[in-house]
Amino acid sequence: MTYPHPHFKTVELKHASRLINHGPTVLVTTAHAGRRNIMAAAWSMPVEFTPPRIAIVIDKNTYSRELIAASGVFAVCIPGASAADLTYAVGIATGREGDKFQHFGIEAVPGAVTGAPLPTAGCVAWMECRLIPERHTEDAYDTCFAEVVAAAADERVFANGHWDFREDNAELHTLHHVGAGNFVVSSTMTKAKPLPGAPLISC
Ligand SMILES: Cc1cc2nc3c(=O)[nH]c(=O)nc-3n(C[C@H](O)[C@H](O)[C@H](O)COP(=O)(O)O)c2cc1C
């Protein structure tokens with residue numbers, strides 16, 4: 001399997017949902033017949049456990065949607081804090097005006113399963129996805145459903161199926177868009193402790 005970075009390790013598909021469970025802003029990448037594209041998306045979420053499926057809002061008027069409809073695949077790449085400027089830049093420009101990879105100097109390798117471009121720098125995880133054809137999506141809606149068919153993450157910040165945001169890996173923390181180019185960066189983790197008393201149910 002091809003990894004965009006030596007620290008990237010395979011994420012088991014049963015853990016793929018955890019990559020976006022906390023709502024990071026992501027980069028959606030696509031390629032079809034010699035054309036490729038990248039855009040920002042703040043709205044995505046897991047919707048099924050097995051096989052892992054996600055929902056992601058990709059405006060039907062975007063160039064990305066055109067390429068996804070044509071190829072049936074895309075990648076969801078999760079930028080780290082150091083890629084905030086790039087994330088915003090690809091979210092306010094359209095690939096219809098030119099190749100954003102070339103324009104912004106984004107190096108990428110094709111994903112082993114889907115061929116969707118995976119940036120070799122700036123991202124801390126990615127999921128390769130196959131679009132689930134839905135009539136409602138084709139007709140009217142911006143929400144797309146997809147099955148995750150491969151995933152990998154930077155082991156310095158996501159290992160054993162869990163994010164591990166620490167002070168010493170701050171540049172690898174994820175971005176969360178709060179509007180107008182402002183992002184919150186994930187930071188302090190807090191571990192829930194059991195409340196006093198016996199649990200009502202155990203799970
Ligand atoms: C931080 C950020 C988050 C965004 N989130 C979404 C989103 O969730 N869904 C969406 O359709 N567009 C979103 N956009 C807008 C697209 O990225 C934008 O329309 C982009 O220019 C589309 O590019 P394309 O035409 O090359 O596909 C976002 C933009 C930014 C800057």
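Note that the numbering runs from 1 along the sequence shown for the chain. Counting starts at 1 for both ligands and their atoms, following the listed order. As the structure is a prediction and not an experimental result, all values here were calculated from the model.
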Asp142 touching ligand 1 at heavy-atom level, < 4.0 angstrom |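 Distance cut 4.0 Å: Asp142 fails for ligand 1.
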
So, does Glu66 sit close enough to ligand 1 that a heavy atom of it is under 4.0 Å from the ligand?
->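 Heavy atoms of Glu66 never come under 4.0 Å of ligand 1.
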
Can you tell which part of [X] has a heavy atom less than 4.0 Å from ligand 1: side chain, backbone, both or neither?
| X | answer |
| --- | --- |
| Ser44 | neither |
| Lys100 | side chain |
| Ile58 | backbone |

Kindly indicate whether the side chain of Met127, heavy atoms from C-beta on, has any atom under 4.5 Å from the side chain of Ile20.
-> yes

Just say parallel, tilted or perpendicular for the rings of Trp163 and His22, cut-offs at 30° and 60°.
-> tilted

Short N or O distance, [X] and ligand 1, threshold 3.5 Å exclusive:
| X | answer |
| --- | --- |
| Tyr63 | yes |
| Tyr88 | no |
| Gly95 | yes |

CZ/Phe183 to NE2/His177 distance, rounded to the nearest 0.5 angstrom?
->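 Answer rounded to 0.5 Å: 4.5 Å.
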
Heavy-atom nearest option to atom 22 (C) of ligand 1, drawn from Thr62, Thr25, Asn37 | Thr62

